[in-house]
Amino acid sequence: MLAKKLKLTDAKDFARVQETGKVFQSNSFGMAYLKRGDKELSRFGFIVSTKISKEAVDRNRSKRAMSEAVRMETVNLKEGFDIVFLAKTSITRSSTTEIMKEVKASLKGIGLIK
């Protein structure tokens, strides 16, 4: 499980990242990211709406897979970013392993991995 200090929890933080941040698109999700400019740990948020799947089981599985991929990379991540993962409908057809690989590749793509 991703540590609480690495999670975005405030709705204002989610909105700020989505409005002013840059967006990186992947097959299963989009990533909105914002450089805060401090030396604090990077924080992550995950959004999987009911439009993606009506089943909570599917939405939670997707969030857990993305969260676990981030947790596995925490030692390699740069500081000072807020990142929000926005799931697409194709994420429900992907396996956990595929999602984790895609998250890692996306983090490399935006230059967040050291």
Side-chain angles (χ1 to χ4, degrees):
M1 183 188 319
L2 195 60
K4 186 170 181 148
K5 63 185 174 185
L6 297 175
K7 291 182 182 178
L8 282 174
T9 55
D10 193 10
K12 286 184 262 181
D13 290 333
F14 276 89
R16 183 174 43 84
V17 172
Q18 288 176 315
E19 290 170 7
T20 61
K22 296 179 182 176
V23 177
F24 181 87
Q25 294 293 336
S26 181
N27 291 335
S28 300
F29 54 84
M31 281 178 20
Y33 61 98
L34 179 66
K35 183 162 179 62
R36 293 189 316 258
D38 58 20
K39 292 294 181 184
E40 300 283 323
L41 293 173
S42 292
R43 299 179 303 172
F44 300 86
F46 306 94
I47 298 174
V48 185
S49 75
T50 53
K51 292 178 183 178
I52 304 303
S53 174
K54 299 292 182 200
E55 300 294 321
V57 172
D58 294 332
R59 294 192 308 270
N60 291 337
R61 184 188 68 81
S62 301
K63 285 182 196 176
R64 281 193 309 270
M66 291 186 289
S67 176
E68 181 64 12
V70 169
R71 187 189 68 79
M72 301 277 285
E73 293 298 322
T74 52
V75 294
N76 301 324
L77 295 176
K78 292 181 181 176
E79 297 85 14
F81 283 87
D82 284 343
I83 297 102
V84 176
F85 288 84
L86 305 154
K88 297 179 182 178
T89 53
S90 61
I91 201 165
T92 58
R93 295 184 298 274
S94 301
S95 70
T96 300
T97 307
E98 291 170 347
I99 295 169
M100 291 177 72
K101 287 179 185 176
E102 199 172 334
V103 168
K104 184 175 181 177
S106 298
L107 291 172
K108 281 183 183 177
I110 63 169
L112 193 62
I113 294 181
K114 295 177 187 173

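When reading the values below, keep in mind they use all heavy atoms of this one structure, side chains included, and skip hydrogens, waters and symmetry mates.
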Other ILVMFWY residues reachable from Met72 by side-chain steps of under 4.5 Å: Met100
Tell me every residue that passes side-chain contact (heavy atoms from CB on, under 4.5 Å) with Glu79, counting only those two or more places apart in sequence or in another chain. Lys114
side-chain contact (heavy atoms from CB on, under 4.5 Å) partners of Asn76, counting only residues at least two apart: Glu73, Ile113
Please check this pair: side chain of Glu102 against backbone of Ser26, looking for a donor-acceptor N/O pair closer than 3.5 Å. no
Side chain to side chain contact (heavy atoms under 4.5 Å, CB included) between Phe46 and Leu2, worked out: CA-CA 11 Å; Phe46 306 94; Leu2 195 60; 3.9 Å; yes
The remaining residues in the hydrophobic cluster of Met1, counting side-chain heavy-atom contacts under 4.5 Å among Ile, Leu, Val, Met, Phe, Trp and Tyr, are none
Considering residues, nucleotides and ligands other than Lys35, do more than 12 of their heavy atoms fall under 6.0 Å from its NZ? yes
So does Lys7 have more than 12 non-hydrogen atoms from other groups sitting under 6.0 Å from NZ? yes
What pairs of residues pass the salt bridge (charged side-chain N to carboxylate O under 4.0 Å, His left out) test when at least one of them lies in residues 44-63, not counting sequence neighbours? none
Show me the pairs that pass ring-ring contact (aromatic ring centres under 6.0 Å, His included) and involve residues 17-44, at least two apart or across chains. Phe29-Phe85
Are Glu98 and Lys101 ion-paired here, with the side-chain N under 4.0 Å from a carboxylate O? no
For Lys78, is there any backbone N or O sitting under 3.5 Å from a side-chain donor or acceptor partner on Ser42? yes
What verdict does the side chain to side chain contact (heavy atoms under 4.5 Å, CB included) test give for Ser67 and Val70, after you've listed the backbone C-alpha separation in whole Å, the side-chain angles of each residue and the deciding distance to 0.1 Å? CA-CA 5 Å; Ser67 176; Val70 169; 5.8 Å; no
Give the cluster check for Leu34 versus Leu86: same hydrophobic cluster or not, with ILVMFWY residues linked at side-chain heavy-atom distances below 4.5 Å. yes
Main-chain N/O of Ile99 paired with Ser94 side-chain donor or acceptor, under 3.5 Å: no
